[in-house]
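In what follows, a structure is listed as structure tokens, so that the remarks can point back to it.
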Amino acid sequence: MPETIGFLKPRQAVLDRRREIIADLTDLLPDGCLISDERGLKPFETDAFLAYRRLPLAVALPETTGQVAAVLKYCSRYGIPVVPRGAGTSLSGGAIPQEDAIVVGLSKMSRILDIDLFNRTATVQAGVTNLNISETVSPDGFFYAPDPSSQLACTIGGNIGMNSGGAHCLKYGVTTNNLLGVKMVLFDGTVIELGGKALDAPGYDLLGLVCGSEGQLGIVTEATVRLIAKPEGARPVLFGFASSEAAGSCVADIIGAGIIPVAIEFMDRPAIEICEAFAHAGYPLDVEALLIVEVEGSEAEMDAMLQSIIEIARRHDVMTIKESQSALEAALIWKGRKSAFGATGRIADYICMDGTVPLSQLSHVLRRTGEIVAGYGLRVANVFHAGDGNMHPLILYNINDPEDAARAEAAGNDILRLCVDAGGCLTGEHGVGIEKRELMRHQYSQADLNQQMAARAAFDPQWLLNPSKVFPLEGRPAA
Amino acid sequence: MIVHFEPASEEGIASVVRSAAAERVTLSIVGGGTRSGLGNPVRADRTLSTRRLAGIVTYNPAEMTMSALAGTPLAEVEAALNAKGQMLSFEPMDHRPVFGNSGQPTIGGVFAANVSGPRRYVAGAARDSLLGVRFINGRGETIKAGGRVMKNVTGLDLVKLMAGSYGTLGILTEVTFKVLPIQPTAATIVVSGLNDAEAAAAMAEAMAQPLEVSGAAHLPESVGRRFIGGALPEGAATVLRLEGLVASVALRAEKLAAALARFGPVATLDIDQTKALWAEIRDVKPYADGTMRPLWRVSVAPSAGHQLVAALRLQTGVDAFYDWQGGLVWLRMEADPEAELLRRFIRAVGGGHATLLRAGEGERARIPAFEPQAPAVAQLAERLRASFDPSRIFNPGRMAAMA
């Protein structure tokens, strides 16, 4: 497809020194920790934002914080861009490299360092997967709350880079609300520690700034996260509606009534059909919209909360109510939802938008989204975190048809502008990456962007860390 | 003579800042002035108050968000929320009792100082509720960051940075924050007679249960009688708060009492006593004693709080009680602030930080109020500050001892 998203022009001085750089980095790292052959580099040329690819200069896979520091010190000395990478599941191109960049992958740093149940914290290396944390502490009755759909693969380092959310953050918050501390390497190889088991360190909230900074401020190598006692039970319930509008207003009324379930997930008819065909989750196929509402607590508490939710749903002419009767059914319901992106990928190529809107705008934005996509002659499936207004329209297209792809990208951009205009934002949890970089001007003024870029430059004065991401390529300060 | 500015508009503030930056005139930024004792003393040429920039801008209860101008009195915000059955989940402390001052705390001041209370331990700090800000940076530019939605990863999170920056990066003009429904009822389980170490174990046990405990504090015998008019049971009181639906709280209270029975005698407080008790814990009632005796707010890992206090007791006269499962230690020193001793012991028990909340004037000028940072972090913070306020005109001295 024709590329509409640009990258920074590779630095010729870096490309010219390729062999020397590879030799130097090979010396700095243990055997088997540097990849530089084309075949070996191939898996690192893109992430889950598949439409764009760039082969990096080399890939470093350090085993220790000290090795990460050595690589960054070297790169800053010679002005070589660095692209940090976790599991490469970014949906916005956050981990896509560029020709003059060293990818620093954290996959070899995958040890759990400390589980402290008294203080309810886990300290892990950045390459540990999200799910691994919860699985490790599950036998003791705890879990780590943020649960992005890619949690089986995605790493905690990547979660910190993108401030990842998930289905259950309506109650438990996103990564930034569950992150207690990090060890990180700055652009010049300096290692710093922020936060820790003691809450609310004084001074500027650098930890809060680092979380969601998309690998531009440093490379996180270790993280301390908060663990939470697992609820006694959790029960997802399906509510089917005759229209997306009815489902949307039902969500607003549930929240407005002061009820905060753990999760409220939304699917429209195309999404229901795709997910049901894949997961056989028992979703009703005769409805236009589906809500998965999960409540948790003891049996009595769940019953009480569900009763209130059912009353509200009835006011919105709910067509189907289906409670899971067993752990197996509950797991199936979530399997259907969490495999939505994968299942969609089986029937078509898609791009996934991630705008967030105020709840009162949900119905309006859903309707306009449908109109926009239809206007481009494409199809859309909506599956998203409704409780916090975080929408995920999946725009279906054919990646091999350049015109189709261009239309999909244009439709996506229109939808994101719509989200901003409705009082929301471009991205709720996937990050800006390369995908939404140029749209930043729609959400922020130049003064806003300048202030963000000045803060970025305080961490990375040479703009070497993930330099093609987040900020529009034009109008950047001279490095 | 100190010149005092009270602009009534955002543009008015921006214009004062622009002139100040051009003339290199430093500004002390104040809201209600009730928390001016936090941090080190500010030495500025002029004072700029946000007091007249007041009023709730939007409040949509169904979206659980509110936007208010920075100078809006906290009392006005809380009254508006209360009328719709909602609240600030982070339970901001009222500093007036410990400082012995009066005035109206502002919502901008709450976020600028990241002021939180007992529920912070489970529901997050003020910074976790803050969704969006508008502020004037040191160049006099109006900057907006964040927004009014719950999830937002668009660009760098300057919102977090503004929370707890004590007006040294910019002047907040408007804040947008998340609110939560007030739970229908609350109760407190009291376990009596535990020493500090036993209490830490009991609180850890309570927090490990799937019972959503929303407050865990330990009030040793020396302070126990000072709370709720002496109505707590005799001896040390380890207190655990439950909030929620009526049936649910009753059920959880039963389970929690059963789980803690092996630690000591258990009693239950009703909703009214619970509200009064946790407000007094939040506002550090035992040490709101009308004196200027040194008061520290210490944050360590919950398992380390009682170890720290035990170690200090061997060296100097201290009185203490605990919040946040034992990790937040309120320390009142009998005489000298003992800053070096305290900070050395904090490092010895695994790290954390001590903030000098109250002390005599000379001591406040001499001792870094905030925990000094590692040199690399301090340098980074200084570069960051320069990126917001290149002429260094905002609140000079307030966080200075950190660098």
Side-chain angles (χ1 to χ4, degrees), chain A residues 118-120 141 162-163 165 173-174 177 190 192 196-205 208-209 211-213 229-232 252 255-256 258 297-298 300-301 304 356-360 388-390 423-429 431-432 440 443-444 447-448 451-452 454-458 470, chain B residues 60-64 85 114 124-125 127-128 137 141-145 147-158 160-161 163-165 181 204 207-210 245 247-248 251 299-303 324 327 350-353 355 370-371 373-374 376-377 380-381 383-384 387-388 399 402:
Chain A
F118 190 102
N119 295 310
R120 298 194 319 289
M162 292 303 187
N163 189 14
V174 294
N177 312 115
T190 309
I192 61 168
K197 291 181 186 178
L199 292 173
D200 295 344
Y204 300 139
D205 188 359
L209 186 67
C211 193
S213 61
K230 267 198 293 188
E232 264 181 68
I255 301 291
S298 63
E301 287 168 307
T356 301
V357 298
L359 285 184
S360 60
D388 36 34
N390 187 190
C425 65
L426 297 172
T427 171
E429 57 183 3
V432 177
M440 289 284 276
Q443 184 168 335
Y444 294 113
D448 299 339
Q451 184 61 71
Q452 288 189 30
R456 186 203 191 287
V470 182
Chain B
N60 188 342
E63 286 177 3
M64 299 196 298
N114 191 25
R127 56 90 97 169
D128 293 285
N137 68 13
E141 297 163 330
T142 305
I143 307 293
K144 72 168 189 303
R148 64 178 175 113
V149 288
M150 303 286 171
K151 280 166 86 180
N152 186 348
V153 296
T154 320
L156 291 183
D157 193 351
L158 301 187
K160 295 282 183 305
L161 212 46
S165 64
M207 296 303 297
Q209 305 284 326
L245 304 172
S248 160
L251 207 66
S299 178
V300 290
S303 57
W324 297 357
H353 42 86
T355 304
F370 300 109
E371 187 79 30
Q373 295 175 317
V377 176
L380 192 56
R383 287 205 298 273
L384 199 57
S387 78
F388 282 78
M399 299 177 89
M402 301 191 46

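Reminder, nothing fancy here: chain letters follow the sequence lines and each chain counts from 1.
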- Output the distance between atom CG (A:Asn163) and atom NZ (B:Lys151), rounded to the nearest 0.5 Å. 9.5 Å
- Message: I'd like to know which of A:Val432, A:Thr427, A:Asn177 tops the heavy-atom pair count under 4.5 Å against chain B.
- Response: A:Thr427
- Message: So, taking the atom named CG in B:Asn152 and the one named CG in A:Leu426, what distance separates them when rounded to the nearest 0.5 Å?
- Response: 8.5 Å
- Item | Segment of B:Asp128 engaging chain A (4.5 angstrom heavy-atom cut-off) | both
- Query: Rounded to the nearest 0.5 Å, how far does OG1 of A:Thr190 lie from CG of B:Leu380?
  - Reply: 9.0 Å
- Note on the structure: Of the listed B:Ile143, B:Asp157, B:Val300, B:Asn114, the one with the largest count of heavy-atom pairs under 4.5 Å with chain A is B:Ile143
- Most chain A-contacting option - heavy-atom pairs closer than 4.5 Å, from B:Ala376, B:Ser165, B:Ser303, B:Pro181: B:Ser303
- By a 4.5 Å heavy-atom criterion (distance strictly below it), what part of B:Ala247 contacts chain A: side chain, backbone, both, or neither? neither
- Between A:Lys197 and B:Pro302 the two heavy atoms that sit nearest each other are O-CD, 4.4 Å
- With respect to chain B, which residue among A:Cys211, A:Gly256, A:Cys425 yields the maximal number of heavy-atom pairs within a distance under 4.5 Å? A:Cys425
- Message: Could you measure the distance from the NZ atom of B:Lys144 to the CG atom of A:Asp448? Nearest 0.5 Å is fine.
- Response: 4.0 Å
- List the atom of A:Ala229, the atom of B:Gln209, and the distance in Å for their closest heavy-atom pair. CB-O, 3.5 Å
- For chain B, which of A:Ala447, A:Ala201, A:Gly165 has the most heavy-atom pairs under 4.5 Å? A:Ala201
- Smallest heavy-atom separation, B:Leu158 atom then A:Ala455 atom, equals CD2-CB, 4.2 Å
- Quick one: what part of A:Ala300 sits under 4.5 Å from any heavy atom of chain B, side chain, backbone, both or neither? side chain
- When rounded to the nearest 0.5 angstrom, what is the spacing between OG in A:Ser298 and CG in B:Leu251? 5.0 Å
- Message: If I compare all heavy atoms of A:Ala454 with all of B:Ser387, which pair ends up nearest, and what's the gap?
- Response: O-CB, 3.5 Å
- Query: Taking A:Lys230, A:Glu232, A:Arg456 one by one, which has the highest count of heavy-atom pairs under 4.5 Å against chain B?
  - Reply: A:Glu232
- What heavy-atom pair brings B:Ala62 and A:Ile255 nearest, and what distance separates the two atoms? O-CG2, 3.5 Å
- Show the numbers, then the answer: is there a side-chain contact (heavy atoms from CB on, under 4.5 Å) between A:Met440 and B:Thr154? CA-CA 8 Å; A:Met440 289 284 276; B:Thr154 320; 3.7 Å; yes
- Query: Between A:Val357, A:Ile192, A:Leu359, A:Leu199, which has the largest tally of heavy atom pairs under 4.5 Å with chain B?
  - Reply: A:Leu199
- Mind checking the CD-CG spacing from A:Gln451 to B:Asn137? Nearest 0.5 Å is all I need. 5.0 Å
- Region of B:Ala208 in contact with chain A, defined by heavy-atom distances below 4.5 Å: both
- Item | Any B:Val153 side-chain heavy atom under 4.5 Å of A:Val174 side chain | no
- Task: List for me each residue that meets side chain to side chain donor-acceptor pair (under 3.5 Å) alongside A:Asp388, sequence neighbours excluded, and say none if there are none.
- Result: none
- Query: Would A:Glu301 and B:Leu245 satisfy side-chain contact (heavy atoms from CB on, under 4.5 Å), going step by step from the backbone distance to the final call?
  - Reply: CA-CA 8 Å; A:Glu301 287 168 307; B:Leu245 304 172; over 6 Å; no
- What are the two closest heavy atoms between B:Ser299 and A:Ala198, and how far apart are they? O-CB, 3.2 Å
- Note on the structure: Across all chains, not counting sequence neighbours, the side-chain contact (heavy atoms from CB on, under 4.5 Å) partners of B:Pro61 are B:Tyr59, B:Lys84, B:Gln86
- Message: Using a 4.5 angstrom heavy-atom cutoff, name the option from B:Gly350, B:Gly352, B:Gly155 with the most pairs to chain A.
- Response: B:Gly155
- Report the option among A:Ser360, A:Gly423, A:Pro231 that has the most heavy-atom pairs separated by less than 4.5 Å from atoms of chain B. A:Ser360
- Is it the backbone or the side chain of A:Pro358 that comes under 4.5 Å from a heavy atom of chain B, or both, or neither? both
